[in-house]
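Because the structure is predicted, anything quoted here is derived from the model rather than measured. Computed from heavy atoms alone, side chains included, the values below leave out hydrogens, waters and symmetry copies. First the proteins, then the strands, lettered A, B, ... as listed; each starts at 1.
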There are 2 protein chains.
Amino acid sequence: MTTSGASAPRLTPKGMATRRRIVEGAAEEIRGRGVTATTLDDIRARTATSKSQIFHYFPGGKEELLLAVAAREAERVLEDQEPHLSGLGTWSAWQDWRDAVVRRYERQGVNCPLGMLITELGRATPAAQALTGQLIRQWQSALYTGIRRMQDSGEIDRQLDADRTAAALVAAVQGGVTILMSTGAITHLEAALDTTLTLLRTAAPAAR
Amino acid sequence: MTTSGASAPRLTPKGMATRRRIVEGAAEEIRGRGVTATTLDDIRARTATSKSQIFHYFPGGKEELLLAVAAREAERVLEDQEPHLSGLGTWSAWQDWRDAVVRRYERQGVNCPLGMLITELGRATPAAQALTGQLIRQWQSALYTGIRRMQDSGEIDRQLDADRTAAALVAAVQGGVTILMSTGAITHLEAALDTTLTLLRTAAPAAR
């Protein structure tokens, strides 16, 4: 992916650490100030870097830096669901994951850093689409793995389409969060998650 | 709601028709050109109106007009689901509604006029939030009515929480459409709708 630095020069470990520090600082600045109000000067001041350093690590300037920040925020979306997302092997783990997702977005409220960055970069641009597409695939893949584990241990009927159900779960979260961003209310996220999880439970062989 | 003209002067039937014509013309212009590229002059040219007419009907200028267009696009979201949305009394009606929703968003593709308008107006502004909130309430209320009809006729178990399931359905569509706008793929919308509808079917008393 271009966001992980295909267009950036090959970096030493020290260079990679500096680049990472700039991205993290920019992410904090943008979280606090909003993406449109944040200038390269704000980011330079926060990360104590020079203009030439910024352009060394991000030859494409602000847009390339914003894309790297968006990639970092996308990673965070998944990190914030750990350790639950990687451990979906029991019903209580699914419930813990559900609670962690609700808490994360409740905390975040109406301002989604990734959403704002994607809007700023242009949702329909190839770079933004590649980034969103990868996040959705990774997320769906983790949920798919969880559903398969439950099927392997006999907790969920093998006839349930694991990939389609994982896709529905990702869409449920996305829809709930989009409505949260528009209305400030968490109820749709909870309803969408719980309804889809109820379906998973209904697909338990014992419940048939 | 301010969008239906609380700040506009009281209008005669003829005035209301002219206002409506401006909103419809602006909506078409924005659908073709995109919201950021559309100027008041473009809208005046398409609707054959003068500057003073525009400001007579929309004293707040472009922003007020955009809000009226957003309100019109929100109405369309629901209109495009008719006659299915108001007739959700049988399983085949639910299936027809599901197909109509998928077809509508498949046709629309990555460019959601309402989404672009809300982004332009500022998702977090009170006017945009009021508009989105009302659309979600109306949509959810129509789905709630449909679920209640199925419960009254004994097709769905009365223990199912109709309002929460309606909320989950709205979130499923919203999530599927948001992912469609980001990736161009309709699969998540289909998976989210079908998964939630499967739950409805599983809640049929006969299936218990």
Contacts of residues 182-192 of chain B with chain A (heavy atom under 4.5 Å):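 The residues closer than 4.5 Å to chain A, in numerical order, are Ser182(B), Thr183(B), His188(B), Glu190(B), Ala191(B), Ala192(B).
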Using 0.5 Å steps for rounding, measure from the [atom1] atom of [X] to the [atom2] atom of [Y].
X	Y	atom1	atom2	answer
Met181(B)	Thr178(A)	CE	OG1	9.0 Å
Arg164(A)	Asp194(B)	CZ	CG	4.5 Å
Thr198(B)	Asp161(A)	OG1	CG	10.5 Å
Thr195(A)	Leu169(B)	OG1	CG	8.0 Å

Pairs meeting criterion ring pair (Phe, Tyr, Trp, His ring centres under 6.0 Å) with involvement of residues 109-135 of chain A, two or more places apart: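 Every candidate ring pair (Phe, Tyr, Trp, His ring centres under 6.0 Å) pair involving residues 109-135 of chain A fails, so no pair, neighbours aside, qualifies.
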Per-residue contact mode, Thr119(B) against chain A (heavy atom under 4.5 angstrom): side chain
Structural part of Asp163(B) lying under 4.5 Å from a heavy atom of chain A: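 When you check distances to chain A, no heavy atom of Asp163(B) falls under 4.5 Å.
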With sequence neighbours excluded, residues passing salt bridge (charged side-chain N to carboxylate O under 4.0 Å, His left out) with Arg104(A):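 By the salt bridge (charged side-chain N to carboxylate O under 4.0 Å, His left out) rule, Arg104(A) matches Asp80(A).
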Enclosure of Glu63(B) CD (heavy-atom neighbours >12, cutoff 6.0 Å):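 Not buried by this count: 12 neighbours or fewer within 6.0 Å.
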Glu24(B) atom CD, over 12 foreign heavy atoms within 6.0 Å: yes
Positions in residues 31-45 of chain A that reach chain B, provided some heavy atom is under 4.5 Å away: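 At a heavy-atom separation under 4.5 Å, chain B is reached by no residue of residues 31-45 of chain A.
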Heavy-atom pairs under 4.5 Å with chain A, option from Ile179(B), Leu193(B), Thr132(B), Thr165(B) with the top count: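 Option with the greatest count: Ile179(B).
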